[in-house]
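As a basis for the values below, the full set of heavy atoms in this structure was taken, side chains included, without hydrogen atoms, waters or symmetry mates. What you are looking at is a predicted structure, and each value in this text was computed from that prediction instead of being measured.
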Amino acid sequence: MGELILEVKHLSKSFGSNEVLKDIDFTCSKGDVTSIIGSSGSGKTTLLRCINLLENPSSGQILFHGQDIMEKGFNAPRYRAKVGMVFQSFNLFNNMTVLENCIVGQTTVLKRDKAEAEANALKYLEKVGMIPFMNARPAQISGGQKQRAAIARALVMDPEVMLFDEPTSALDPEMVGEVLEVMRNLASDGMTMLVVTHEMSFAREVSTNVVYMDEGVICEEGPPSQIFGDPKQERTKSFLSKFK
Amino acid sequence: MIITRFVQLWEDILYIFSKYGKVYLNGIFNTLVLSTTATIIGCVIGFICGVIDAVPIRENDPAWKKVLLRIIKVLVRIYVEFFRGTPMILQAVFIFYGLPYFTMNKVQFSNIWTVSVLVVSINTGAYMAESVRGGIFSVDPGQTEGALAIGMTHFQTMIKVVLPQAARNIMPQIGNNFIVNIKDTSVMFIIGFSDFFSVHKMVSGAIFTYFPSATIEMVGYLILTLLFSAILRWAERRMDGSSSYELVRADHHLARSGDYNHTIHYGEHYRNGNGPERKG
Ligand SMILES: Nc1ncnc2c1ncn2[C@@H]1O[C@H](COP(=O)(O)OP(=O)(O)OP(=O)(O)O)[C@@H](O)[C@H]1O
Ligand SMILES: [Mg+2]
């Protein structure tokens with residue numbers, strides 16, 4: 001186990017009277033690949049959005065290298081640059097080419113100069129196999145290509161953790177593989193990852209840790225061999241049985 | 001015979017033009033300068049108002065910031081409603097005579113251009129504010145989240161991602177405002193601005209050629225608006241850029257990016273799904 005990067009403590013989140021996350025506790029260390037599984041509406045997306053402050057937690061703490069990210073005066077943009085996020089719907093910038101998508105964050109947020117940013121962008125575009133399409137605009141490429149571009153856009157910022165929110169759910173089946181492949185390679189490079197997924201084979205084979213969420217609480221967590229091989233909770237069993 | 005009337009009209013027009021051609025051209029020039037300047041300034045005002053309107057008020061902002069933002073947003077609303085809800089011809093009169101009235105004639109508009117540009121600009125700005133608001137709204141919020149997620153601030157997100165797309169989306173409205181301004185600046189004659197239309201008043205007053213000079217005006221305005229519609233549509237097409245892209249071959253980009261020397265096998269590795277296995 002590497003050093004602690006993220007600690008979530010007693011995190012709760014309500015939308016009005018709807019308590020979506022209840023007293024969530026978990027940690028994430030360097031090199032961990034944590035898969036978050038659970039049925040629709042269990043709060044997985046909300047948890048990721050709280051972690052990178054797209055959503056304001058209602059109570060509890062989130063510590064990044066020991067620092068409370070909800071503290072007054074905390075620099076959210078700088079923090080978000082270190083926590084990459086990949087969305088189900090890609091969210092690429094439609095007014096830019098794939099390459100420009102991968103450059104703009106580096107020049108505006110990290111203040112890298114254009115040449116350095118471009119060289120770095122090319123490095124990651126190559127990693128995700130998107131060099132051939134780097135001059136295309138998002139509207140001109142397939143879903144799988146968009147998602148690989150979105151992954152590169154997050155990686156160029158040199159994040160310490162990558163959050164993935166069902167990165168393959170919006171894809172046609174034949175494109176799921178190419179995106180999972182990129183994620184597998186990322187994991188094997190040692191990237192710390194937090195992956196919300198319905199791809200059980202990915203959770204089982206790639207992750208170091210699986211978290212099962214149900215109705216806003218973490219119902220069970222453990223190494224994949226245990227969660228998939230010998231789940232302790234009835235709810236986990238019944239959830240996983242749907243995938244057999 | 002109707003034909004002879006047309007011949008007569010043509011001769012009248014030629015006569016008027018030989019006598020007042022320069023004045024007409026000068027009027028057209030003034031009309032174009034006024035409507036162009038006011039449309040540009042109006043767009044700037046519109047974008048500022050639209051951007052202010054889009055500033056999010058967050059729960060955990062300090063109280064003074066929330067109050068200040070709300071006040072500014074209300075002021076913008078009042079401005080928009082006021083200038084969209086009253087005729088421009090009256091706004092011109094209102095401002096032109098209002099300033100000396102309230103300052104006991106100590107301050108007056110010494111230059112008719114200043115007043116005209118001011119009135120048409122803030123009028124256009126009020127309309128543009130609404131368009132820009134809609135334009136910003138039309139950019140899907142996912143892109144804003146994508147930008148925030150890589151660490152861009154709200155302001156950077158606006159400048160780099162949202163506004164360029166909003167601007168493209170509202171190009172038709174900007175063009176429309178410009179066309180409207182070419183025509184509607186004619187009401188500025190009320191405070192003595194010498195635009196294209198004011199030449200009509202002057203000429204027909206002097207030599208009583210009401211219909212022939214009105215014909216000149218009609219045709220003149222129509223040519224101007226058609227011409228600029230065409231130009232604007234051309235500009236829109238150019239903004240869209242190419243509808244295709246070139247596939248980039250691997251060797252090409254390697255040649256471009258100096259110190260970058262990953263081998264191409266790396267990419268193939270992933271594509272073939274032969275990446276090294278991660279050990280638990
Ligand atoms: N902005 C919001 N306002 C109100 N309720 C919300 C909001 N976002 C999410 N919720 C509610 O929170 C609950 C959890 O949603 P969330 O998207 O986190 O679930 P999820 O586990 O990601 O589900 P899925 O697998 O379908 O993506 C849902 O009941 C949803 O209706
Ligand atoms: Mg979700």
Student: Can you confirm whether more than 12 heavy atoms, excluding those of Phe29(B), are under 6.0 Å from its CZ atom?
Tutor: no
Student: If you define the side chain from C-beta out and look only at heavy atoms, does anything of Arg168(B) sit under 4.5 Å from Asn95(A)?
Tutor: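 A side-chain contact under 4.5 Å is absent here.
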Student: Where on Glu178(A) is there a heavy atom nearer than 4.5 Å to chain B: the side chain, the backbone, both, or neither?
Tutor: neither
Student: If you count heavy atoms of other groups shown closer than 6.0 angstrom to NZ of Lys160(B), is the number above 12?
Tutor: no
Student: Check whether Asn56(A) gets within reach of chain B through its side chain, its backbone, both or neither, counting any heavy atom under 4.5 Å.
Tutor: side chain
Student: Surrounding CZ of Phe137(B) (heavy atoms of other residues, nucleotides or ligands, distance under 6.0 Å), is the total greater than 12?
Tutor: no
Student: Could you check whether atom NZ of Lys65(B) has more than 12 heavy atoms from other residues, nucleotides or ligands sitting under 6.0 Å from it?
Tutor: no
Student: What distance separates Asn52(A) CG from Leu148(B) CG, expressed to the nearest 0.5 Å?
Tutor: 9.0 Å
Student: Assess whether atom CZ of Phe155(B) is packed by more than 12 heavy atoms of other residues, nucleotides or ligands within 6.0 Å.
Tutor: no
Student: Nearest 0.5 Å please: distance from the CD1 atom of Ile150(B) over to the CG atom of Leu110(A).
Tutor: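 Between atom CD1 of Ile150(B) and atom CG of Leu110(A) there are 9.0 Å.
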Student: Hey, are the side chains of Met96(A) and Val161(B) touching, using non-hydrogen atoms and a 4.5 Å cut-off?
Tutor: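 Touching, per the 4.5 Å side-chain cut-off.
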Student: Examine whether an atom of Leu155(A) lies under 4.5 Å from a heavy atom of chain B, and if so say whether it belongs to the side chain, the backbone or both; otherwise answer neither.
Tutor: neither
Student: Tabulate, in ascending numerical order, the residues of residues 75-93 of chain A having at least one heavy atom closer than 4.5 Å to a heavy atom of chain B, or enter 'none'.
Tutor: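 Contacts with chain B: Pro77(A), Arg80(A), Ala81(A), Val83(A), Met85(A), Phe87(A), Asn91(A), Leu92(A), Phe93(A).
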Student: What part of Arg153(A) is in contact with chain B, defined as an atom under 4.5 angstrom from a non-hydrogen atom: side chain, backbone, both or neither?
Tutor: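 Contact with chain B is through both the backbone and side chain of Arg153(A).
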Student: Report the residue from Leu122(A), Leu99(A), Ile131(A) that forms a side chain to side chain contact (heavy atoms under 4.5 Å, CB included) with Val248(B).
Tutor: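 It is Ile131(A), the one option of Leu122(A), Leu99(A), Ile131(A) that forms the side chain to side chain contact (heavy atoms under 4.5 Å, CB included) with Val248(B).
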Student: Just give me the residue among Glu145(B), Met152(B), Gln156(B) that pairs up with chain A most often, heavy atom to heavy atom, under 4.5 Å.
Tutor: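 Highest number of pairs under 4.5 Å: Glu145(B).
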